[in-house]
Amino acid sequence: MSRKKIYVLDTSALLTNADCIYSYANNDLVIPFKVLEEIDKHKKRQDGVGVQSRKTIRILDELRSKGSLFGGVRLRKGHGLLYAWGTEGLRKSGLPKDLDPSIPDHLIIATALSVKNEYPTRKVIMISRDINMRVICDAIGLETEDYINNQVVKDSESIYTGFASHLVDDRVIERFYEGEDIYLEPEEVKYHSNQFLMLVSNANQKKTAMARFISPLAPLKRLTKYSKGVWGVKSRNKEQQFAMDLLMDRNINIITLIGKAGSGKTLCAIAAGLQQTVDDFMVNGDPHYTRMIVSRPVQPLGKDLGFLPGTLEEKMKPWLTPIQDNLQFLMGNDKTTLDMYLDRGRIEIEALTYIRGRSIANAFIIIDEAQNLTTHELKTIITRVGEGSKIILTGDIEQIDNVYVDETTNGLTHAVEKFKDFELAGHITLSRGERSKVATYAAKYL
């Protein structure tokens, strides 16, 4: 009697990652016909979902050339068989009367039940990223699991924050303020590159110092103080001070900023960008970055982009207005000056839709709302970064509009976790809201 499991894949798993079919070792897979139909409906989309849809179709077509999807085809050496399963066993599937086969999700569940009836000695498991589908499966006695192959951390509480407290001798803090190089002892080196540390005296906990850890062989770095602010923006808390320290450091090429609504992540990033492009150009005539590019993913909550009337610029306006609001605020509500920089190409505001194929050099790049990106989309964006450019990814992982990612699987979280050990990258989580009391209370209690 075979002990191999049978996994039934839901549409959501394949649209998250088409390669998920290779994640189940020597167990067999079943793809319901209804899933194939739903995959086909998404193939013309110009986003990450469309990419995964087309990739799924290509993979299945390649497998079809090796055998029969109806009779089962071997995925690869050491893997099980993949079947395309129709609804011929629907009547004897045992689908409860409360579930309607005309509803796609219910039909997929019915297919899984028919597989279970066909192979009563084998464990049949439904794989779905749809929480409600998993709840229904559990309610009718069908085993179910989430597809978590691309989950980079256990939960949102485990995401790297970029900050830690470190207990030191009282004299160490005095030596640090006196300008002496301070190194951590080998047994104390447990931090990531560019992680911020609050040095706390073991004799008096109120005696502290802020530093940035670079590497075991480098002394702790002192934070740069911007007493006049950056483009007029002054840090209101230590996290914003850490963010500015990263944003203004030209040796760091990848920065991730996570924060709740109103924490200042986007405003700090844009202010630092203006300081190093427009301001340097005005004062020195030789800016480090030739332009600032600010962009965000087009993630509609209602109708898609194509349903909006007008030219491309008019279509993009609803998504890019928040960025323009920040820029106009930093320009002192001087729309004329902002338009001048936009016309000269010193500042660019655009969507991510057409970034593929570009190579962006010597630019300060800000990708806002990055929590709505998949890992595939994020990789596509970061690989566009050319020589001399810096890229900043900002977002709030508690406000995700993309139904195919969550707090632990989105592209921003992946970037935070994957780059934390590299000296060219830095991260900080901004936890305190500074927009207004209303925004702070809303983010905390709603």
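These numbers were taken from a predicted model, which means no experiment stands behind them.
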Does the [X] side chain pair with the main chain of [Y], one donor and one acceptor, at a distance under 3.5 Å?
{"X": "S158", "Y": "V153", "value": "no"}
{"X": "D245", "Y": "T224", "value": "yes"}
{"X": "R129", "Y": "D146", "value": "no"}
{"X": "R222", "Y": "F176", "value": "yes"}
{"X": "T380", "Y": "H376", "value": "yes"}
{"X": "Q240", "Y": "S263", "value": "yes"}

Are the charged groups of [X] and [Y] less than 4.0 angstrom apart, N to O?
{"X": "R171", "Y": "E174", "answer": "yes"}
{"X": "K43", "Y": "D40", "answer": "yes"}
{"X": "K265", "Y": "D396", "answer": "no"}
{"X": "K5", "Y": "D28", "answer": "no"}
{"X": "E37", "Y": "K34", "answer": "yes"}
{"X": "E398", "Y": "K260", "answer": "no"}

Does atom [atom1] of [X] have more than 12 heavy-atom neighbours from other groups under 6.0 Å away?
{"X": "Q205", "atom1": "CD", "answer": "no"}
{"X": "Y22", "atom1": "OH", "answer": "yes"}
{"X": "I131", "atom1": "CD1", "answer": "no"}
{"X": "K418", "atom1": "NZ", "answer": "no"}
{"X": "K207", "atom1": "NZ", "answer": "yes"}
{"X": "E387", "atom1": "CD", "answer": "no"}

Do [X] and [Y] have side chains that approach each other closer than 4.5 Å (heavy atoms only, starting at C-beta)?
{"X": "L257", "Y": "H427", "answer": "no"}
{"X": "I159", "Y": "I397", "answer": "yes"}
{"X": "R212", "Y": "N194", "answer": "yes"}
{"X": "L82", "Y": "L60", "answer": "yes"}
{"X": "L247", "Y": "Q275", "answer": "no"}
{"X": "L184", "Y": "P216", "answer": "no"}
{"X": "I400", "Y": "N372", "answer": "yes"}
{"X": "I367", "Y": "L373", "answer": "yes"}

Work out which heavy atom in [X] is nearest to a heavy atom in [Y]; give both atom names and the distance.
{"X": "A363", "Y": "I293", "answer": "CB-CD1, 4.2 Å"}
{"X": "A211", "Y": "L199", "answer": "CB-CD1, 4.5 Å"}
{"X": "I255", "Y": "I252", "answer": "CG1-CG2, 3.7 Å"}
{"X": "G395", "Y": "Q371", "answer": "CA-OE1, 3.2 Å"}
{"X": "N253", "Y": "S389", "answer": "ND2-O, 3.6 Å"}
{"X": "A18", "Y": "Q52", "answer": "N-OE1, 2.8 Å"}

Evaluate the side-chain contact (heavy atoms from CB on, under 4.5 Å) criterion for residues R250 and K390: first the C-alpha distance (whole Å), next the side-chain angles of each, then the deciding distance (0.1 Å), finally the verdict.
CA-CA 8 Å; R250 294 177 179 177; K390 179 198 288 278; 5.6 Å; no

Worked verdict on R64 versus D61 for salt bridge (charged side-chain N to carboxylate O under 4.0 Å, His left out)
CA-CA 5 Å; R64 185 184 61 80; D61 189 50; 2.8 Å; yes

Measuring from [X]:[atom1] to [Y]:[atom2], what's the distance to the nearest 0.5 Å?
{"X": "I214", "Y": "E423", "atom1": "CD1", "atom2": "CD", "result": "7.0 Å"}
{"X": "I382", "Y": "L393", "atom1": "CD1", "atom2": "CG", "result": "5.0 Å"}
{"X": "D155", "Y": "T408", "atom1": "CG", "atom2": "OG1", "result": "8.0 Å"}
{"X": "C20", "Y": "I127", "atom1": "SG", "atom2": "CD1", "result": "8.5 Å"}
{"X": "I428", "Y": "K238", "atom1": "CD1", "atom2": "NZ", "result": "8.5 Å"}
{"X": "D19", "Y": "T56", "atom1": "CG", "atom2": "OG1", "result": "8.5 Å"}

When you check the side-chain N and O atoms of [X] and [Y], is any donor under 3.5 Å from an acceptor?
{"X": "Q241", "Y": "E239", "answer": "no"}
{"X": "H42", "Y": "R45", "answer": "yes"}
{"X": "T413", "Y": "N410", "answer": "yes"}
{"X": "D10", "Y": "S12", "answer": "yes"}
{"X": "D169", "Y": "N202", "answer": "yes"}
{"X": "T266", "Y": "D368", "answer": "yes"}

Show the numbers, then the answer: is there a side-chain contact (heavy atoms from CB on, under 4.5 Å) between L69 and Y83?
CA-CA 5 Å; L69 292 175; Y83 300 84; over 6 Å; no

Under 6.0 Å between the ring centres of H166 and Y191?
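Distance test on ring centres: under 6.0 Å, yes.
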
May I have the step-by-step check of side-chain contact (heavy atoms from CB on, under 4.5 Å) for R384 and I365, ending in yes or no?
CA-CA 11 Å; R384 300 301 99 205; I365 307 166; over 6 Å; no

L9 and V35: CA distance, side-chain angles, deciding distance, side-chain contact (heavy atoms from CB on, under 4.5 Å) verdict
CA-CA 8 Å; L9 298 181; V35 169; 5.9 Å; no

May I ask you to decide if the ring planes of Y147 and Y24 are parallel, tilted or perpendicular, using 30° and 60° as cut-offs?
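Y147 and Y24: tilted rings.
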
If the test is side chain to side chain contact (heavy atoms under 4.5 Å, CB included), which one of M292, R291, M340 qualifies with I347?
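Checked M292, R291, M340 against I347; only one passes side chain to side chain contact (heavy atoms under 4.5 Å, CB included): M292.
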
